2 protein chains.
Amino acid sequence: MEFDIRQSTGHLMVHVMKLHRHTFHKLTEEYDIFPGQPPLLFRLHEKDGQSQKELAESMRVKPATLTVMINRMVKNGHVVRRPDPVDQRVSRVFLTDRGRSVMDSVREALALLEEISFRSFSAEDKQLFHRQLQQMAKDLSGFDAGRHPEGGSTTEME
Amino acid sequence: MEFDIRQSTGHLMVHVMKLHRHTFHKLTEEYDIFPGQPPLLFRLHEKDGQSQKELAESMRVKPATLTVMINRMVKNGHVVRRPDPVDQRVSRVFLTDRGRSVMDSVREALALLEEISFRSFSAEDKQLFHRQLQQMAKDLSGFDAGRHPEGGSTTEME
DNA sequence: TCCATATGTTTAGCCGACTAACTATATCTC
DNA sequence: GAGATATAGTTAGTCGGCTAAACATATGGA
């Protein structure tokens, strides 16, 4: 019996995440915020003025991705870039007033999205689901690490 | 107590799907196949010569997305486009020999990906997980439908 | 001091998804 | 039959992610 992609859970996950992203976009487009951006906003809210490298690492995104994203968010007035005074290579990112003011609405939108996604889950089921995802992340990055034996342990998974 | 995006399950899901996509890409790049393309390949394998509109619907993707994807797959020699003989508006898509020959490897890669993703799940847990995702898809599209009361029922979820 | 190397960011180009606007062909209706 | 409308596909432009290569600035060592 062959593996049927169309009935695989992986395929279903892709579909669900498309819906998830789409719903979030609908909930936040009025603030000129797009689905990849909240993680940046919230990290800056926690600690303003981080370097792009710090942000990229913490967001698990490549620096090149951040460069482009930040350009857009500067254009939309959510953040500003200021060069580090002592090391001219690094540029530090700061929330603007607009960025700060938009945060609450975005947080609410995310809370709503979470509520919708898990509204049919019991508390225990959601916890289990969360732990299962953590395990899946571990298994997926473990496999990847196995094929690139160089690098570090990659077992620490926040 | 504020909603903490960084600990939300939605956030974790996004991360897991990034790993999932990345792992799949690594497993198939040698065949010039990219993560969005297997659904097209498998649908054509099931029924060759479908129109782009049929494919777009079944893949739950917009026709514009397919146009571009098919262009690439034509370039890579996986499929060909042939105009429908009776309706000159529609173009039908067919697997090439290469497309057909690549399928088995891609199916194996997907089976492996599924194995890796769920290797820590018991059979029951995986079933539960699958059902929970279906429910989540229903809840997410239900919410979306609620904001666009026109459209159809959108409750049929294959 | 000067060159080599290391580090932080940017640029260019690719894939996947979307929307909006446009083209081309069919079909329907008067 | 001619014009209006509907349908299929394409094009252009956007966002998010990536890699590879370029650029800029620091820092090290000889």
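Per chain, numbering begins at 1; letters A, B, ... match sequence-line order. Every value quoted in this text rests on a predicted model; they were computed, and no experiment measured them.
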S.K.: Starting the side chain at C-beta, find the nucleotide from C:dT19, C:dG8, C:dT25 nearest to B:D87.
M.R.: C:dT25
S.K.: According to the Watson-Crick and G-U wobble definition with distances under 3.5 Å, which dot-bracket string, read 5' to 3', encodes DNA chain C, using [ ] for crossing pairs and | for pairs with another strand?
M.R.: ||||||||||||||||||||||||||||||
S.K.: Using the side-chain heavy atoms of B:Q88, tell me which of these nucleotides is nearest: C:dA26, D:dG17, C:dC18.
M.R.: C:dA26
S.K.: When you check the side-chain N and O atoms of A:R81 and A:Q52, is any donor under 3.5 Å from an acceptor?
M.R.: yes
S.K.: On DNA chain C, nearest-nucleotide positions of A:E54 versus B:P85: which is more 5'?
M.R.: A:E54
S.K.: Using whole Å, what does the distance between atom P of nucleotide D:dT10 and atom NZ of B:K62 come to?
M.R.: 16 Å
S.K.: So does A:D4 get a backbone contact from the side chain of A:S8, meaning a donor-acceptor N/O pair under 3.5 Å?
M.R.: no
S.K.: A:E29 CD to D:dG16 P: how many Å, rounded?
M.R.: 13 Å
S.K.: Go through the side-chain N and O atoms of B:S51 and B:R92 and say whether any donor and acceptor fall under 3.5 Å apart.
M.R.: no
S.K.: Heavy atoms under 4.0 Å, any strand shown: does A:S91 hit a base, just sugar-phosphate, or nothing?
M.R.: sugar-phosphate
S.K.: Check the phosphate of C:dG8 against A:K53, side-chain N and O only, distance under 4.0 Å to OP1 or OP2. Yes or no?
M.R.: yes
S.K.: Scan A:R92 against the nucleic acid and name what it touches under 4.0 Å (heavy atoms): base, sugar-phosphate only, or nothing.
M.R.: nothing
S.K.: Base, sugar-phosphate or nothing for A:V14? Non-hydrogen atoms, less than 4.0 Å.
M.R.: nothing
S.K.: Counting only side-chain N and O atoms of B:R72, is one of them less than 4.0 Å from OP1 or OP2 of C:dC14?
M.R.: no
S.K.: By nearest nucleotide on DNA chain C, pick out whichever of A:V68 and B:R21 is the more 5' one.
M.R.: A:V68
S.K.: More 5' along DNA chain D: B:V90 or A:M69, using each one's nearest nucleotide?
M.R.: B:V90
S.K.: Are side-chain N/O atoms of B:Q135 and B:D139 paired as donor and acceptor at under 3.5 Å?
M.R.: yes
